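Below you'll find the structure, written out as structure tokens, and then a few comments.
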Amino acid sequence: KNEVEQSPQNLTAQEGEFITINCSYSVGISALHWLQQHPGGGIVSLFMLSSGKKKHGRLIATINIQEKHSSLHITASHPRDSAVYICAVLTGNQFYFGTGTSLTVIP
Amino acid sequence: ETGVTQSPTHLIKTRGQQVTLRCSSQSGHNTVSWYQQALGQGPQFIFQYYREEENGRGNFPPRFSGLQFPNYSSELNVNALELDDSALYLCASSFPRRSSGGALSTGELFFGEGSRLTVL
């Protein structure tokens, strides 16, 4: 069993739609990271959370420590949001990653 | 642009050979971590260095080793290459942060573009 599970694995949306990607984890964590990976491999850090909620532009990330669950929301989605979104958790000095959610936003 | 650079970007090796991958950290970052990402998979944590000492390791055999230098740049060395070592190798630099409890842990990650290794 993976320490980090993401859903859905693949997601296709129309431009403008509200998108939610979910991440559940089974270990105690000190932080959770949401990452974005574009084709070609480059990874960008979107959020680092240890509690509550963070917002950056059209992106919102929430975490519920008691339920061991986090969500990444994208409002007013745009084709440039198409990428793989990866959830990663830090426990001690060890990272565990989800397998990613591949998002395609159609114009 | 994260300020983290990796070299080489692509390389091809044969089974049994050794490889060294390099990573330069963003200025001011004293922590570097390395990851292996096989095609179609999420990254897997290899290890992390903080101030030149390994302070975290994933489930990788000893033939995966690393170094961090006084300028906080880093190397990943893989000996006795196997076909399954073919992957994208990513490094990320960061600066520690203090949690609400006062413990030091890894801060926001800044990734390089990766080194794509093919083992034939």
Side-chain angles (χ1 to χ4, degrees), chain A residues 1-10 21-25 27-52 54 56 59 61 63 65 70 72 83-103, chain B residues 1-6 9-10 26 29 31-51 53-60 87-117:
Chain A
K1 185 185 186 301
N2 292 334
E3 288 82 1
V4 181
E5 301 277 357
Q6 284 186 239
S7 64
Q9 275 191 302
N10 297 284
I21 299 170
N22 295 300
C23 174
S24 296
Y25 52 92
V27 293
I29 68 169
S30 56
L32 181 144
H33 296 249
W34 280 104
L35 309 169
Q36 180 192 56
Q37 187 170 31
H38 281 283
I43 292 182
V44 174
S45 174
L46 299 175
F47 294 103
M48 184 177 70
L49 294 165
S50 53
S51 65
K54 285 191 176 180
H56 185 247
L59 302 178
I63 188 168
I65 296 293
S70 175
L72 175 68
V84 175
Y85 292 84
I86 301 169
C87 170
V89 300
L90 176 63
T91 175
N93 285 326
Q94 170 101 306
F95 278 98
Y96 295 98
F97 289 78
T99 54
T101 295
S102 179
L103 171 65
Chain B
E1 279 289 329
T2 62
V4 178
T5 57
Q6 291 188 242
T9 53
H10 296 82
Q26 188 178 94
H29 286 183
T31 303
V32 67
S33 47
W34 284 91
Y35 308 87
Q36 180 195 66
Q37 187 176 26
L39 204 60
Q41 304 292 317
Q44 298 284 321
F45 173 67
I46 303 175
F47 44 56
Q48 176 171 278
Y49 278 79
Y50 170 64
R51 291 186 173 178
E53 297 280 336
E54 184 182 297
N55 76 337
R57 191 176 183 93
N59 190 25
F60 279 80
L88 179 69
Y89 288 86
L90 294 154
C91 77
S93 75
S94 59
F95 195 79
R97 63 177 190 100
R98 289 219 179 263
S99 66
S100 54
L104 210 58
S105 69
T106 306
E108 184 181 359
L109 299 171
F110 293 81
F111 285 85
E113 293 293 313
S115 294
R116 189 165 295 282
L117 171 66

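We name chains A, B, ... by the order of the sequence lines, and we start the count at 1 in each one. Since we're looking at a predicted model, the values are computed, not measured.
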How far apart are the closest heavy atoms of P43(B) and I86(A), and which atoms are they?
CD-CD1, 3.8 Å
Closest approach of H33(A) to E108(B) (non-hydrogen atoms, all atoms of both residues):
CE1-CA, 4.1 Å
Separation between CZ of F95(A) and CD1 of I46(B), rounded to the nearest 0.5 Å:
13.5 Å
Supply the atom-to-atom distance Q41(B) CD to F97(A) CZ, rounded to the nearest 0.5 angstrom.
13.5 Å
Toward chain A, the part of L88(B) with a non-hydrogen atom under 4.5 Å
side chain
Tell me, for Y35(B) versus chain A, whether the close heavy atoms (under 4.5 Å) come from the side chain, the backbone, both or neither.
side chain
Could you tell me which residues satisfy side chain to side chain donor-acceptor pair (under 3.5 Å) with Q6(B), sequence neighbours excluded, listed by chain and number?
none
By ring pair (Phe, Tyr, Trp, His ring centres under 6.0 Å) - contacts of F95(B) (at least two apart)
none
Heavy-atom contact with chain A under 4.5 Å, split by part of Q48(B):
side chain
Please lay out, stage by stage, how Q94(A) and F45(B) fare under the test side-chain contact (heavy atoms from CB on, under 4.5 Å).
CA-CA 7 Å; Q94(A) 170 101 306; F45(B) 173 67; 3.0 Å; yes
Could you tell me which portion of Q6(A) (side chain, backbone, both or neither) has an atom closer than 4.5 angstrom to a non-hydrogen atom of chain B?
neither
F111(B) and I43(A) have their tightest heavy-atom pair at CB-O, 3.3 Å
